[in-house]
Amino acid sequence: QVQLVESGGGLVQAGGSLRLSCAASGRTFSRYAMGWFRQAPGRACEFVAGFSWSGARTDYADSVKNRFTISRDSARNTVYLQMNSLKPEDTAAYFCAASGRVTASTTQSDYDYWGQGTQVTVSS
């Protein structure tokens, strides 16, 4: 059973930084796709960043390019999302997701496993 546990959310001022963590367990993730999605109140869930665990492919939403960086620590089975230059519009619940069906994807429906989410609030 795959389990994903996010941490690292919080309240930060605009221009600040946060690093989210996603601890993954229950599988060998070497062939998995891993991603971060977010959902703001009243808005649809949207892709933020993702990669193939092998490192062959990394994707970012246009809205976060050059500000957010996704990375992993294979020894710890942990995925990170470093968020810099945060803006109020980045405020959302952030979710870690994993898929064993695809090696990389920006599509929500491709992901089978989801964490419980961590809240990020950026004040202006």
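If you're wondering where the values come from, they're calculated on a predicted model, not measured in any experiment.
Going from atom SG of Cys22 over to atom CD of Gln3 covers 11.0 Å, rounded to the nearest 0.5 Å. Residue Thr103 holds its OG1 atom at 10.5 Å from CZ of Arg31, rounded to the nearest 0.5 Å. Rounding to the nearest 0.5 angstrom, the gap separating the CG atom in Asn77 from the OG1 atom in Thr28 is 7.5 Å. Between the CE atom in Met34 and the SG atom in Cys96 there is a gap of 4.0 Å [rounded to 0.5 Å].
Leu81 and Tyr111 fall into different hydrophobic clusters, where Ile, Leu, Val, Met, Phe, Trp and Tyr are joined by side-chain heavy atoms under 4.5 Å apart, directly or via other members. In the hydrophobic clustering of ILVMFWY residues, with side-chain heavy atoms under 4.5 Å counting as a link, Val48 and Val12 come out together. Hydrophobic clustering of Ile, Leu, Val, Met, Phe, Trp and Tyr side chains at less than 4.5 Å, counting indirect connections, keeps Phe95 apart from Trp53. Cluster annotation: Leu4 and Trp114 are assigned to distinct hydrophobic clusters (Ile/Leu/Val/Met/Phe/Trp/Tyr, side-chain heavy-atom contacts under 4.5 Å, transitive).
Contact annotation: the side chain of Phe68 never approaches that of Ser85 to less than 4.5 Å [non-hydrogen atoms, C-beta and beyond]. The shortest side-chain heavy-atom distance between Phe29 and Val2 falls under the 4.5 Å cut-off. Side-chain contact between Arg38 and Cys45 is absent, with no heavy atoms from C-beta onward closer than 4.5 Å. Side-chain atoms of Tyr60 and Thr69, non-hydrogen and from C-beta on, do get closer than 4.5 Å to each other. Side chains of Arg67 and Met83 form no contact here, defined as non-hydrogen atoms less than 4.5 Å apart. Looking only at side-chain heavy atoms (C-beta outward), Leu18 and Val120 come within less than 4.5 Å of each other. In this structure the side chain of Gln39 never reaches within 4.5 angstrom of the side chain of Tyr94, judged on heavy atoms. In this structure, the side chains of Tyr32 and Arg27 come closer than 4.5 Å at one or more pairs of heavy atoms.
Geometric assessment of Arg72 against the ring of Phe51 yields a positive cation-pi assignment under the 6.0 Å and 45° thresholds. For the pair Arg19 and Tyr80, the cation sits on the ring face: its NZ or CZ lies under 6.0 Å from the ring centre, inside 45° of the axis.
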Given Ser17 and Asn84, is the side-chain hydrogen bond (donor to acceptor under 3.5 Å, both in side chains) satisfied, shown in steps? CA-CA 4 Å; Ser17 299; Asn84 298 329; 2.9 Å; yes
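Scanning both residues, Ser124 and Ala14, for their nearest heavy atoms gives CA-CB, 4.4 Å. The two residues Gly100 and Asp112 have their closest heavy-atom pair at N-OD2, 4.0 Å.
Note: Phe47 and Phe37 have perpendicular aromatic rings, judged against thresholds of 30 and 60 degrees for the angle between ring planes.
In this structure, the side chain of Ser105 engages the main chain of Thr107 through a donor-acceptor pair within 3.5 Å. Judged by distance alone, the side chain of Gln116 and the main-chain N or O of Glu6 form a donor-acceptor pair under 3.5 Å.
Of the options Thr91, Asp90, Leu86, a side chain to side chain contact (heavy atoms under 4.5 Å, CB included) to Thr121 is made by Thr91 and by none of the others.
Between Asp110 and Gln108, the side chains place no donor N or O within less than 3.5 Å of an acceptor N or O (distance only, hydrogens not considered). Between the side chains of Asp73 and Thr78, not a single donor N or O lies within less than 3.5 Å of an accepting N or O.
Comment: Asp62 engages Lys65 in a salt bridge, judged by a side-chain N to carboxylate O separation of less than 4.0 angstrom.
Taking a 6.0 Å sphere around CZ of Arg43, one finds it holds 12 or fewer heavy atoms contributed by other residues, nucleotides or ligands.
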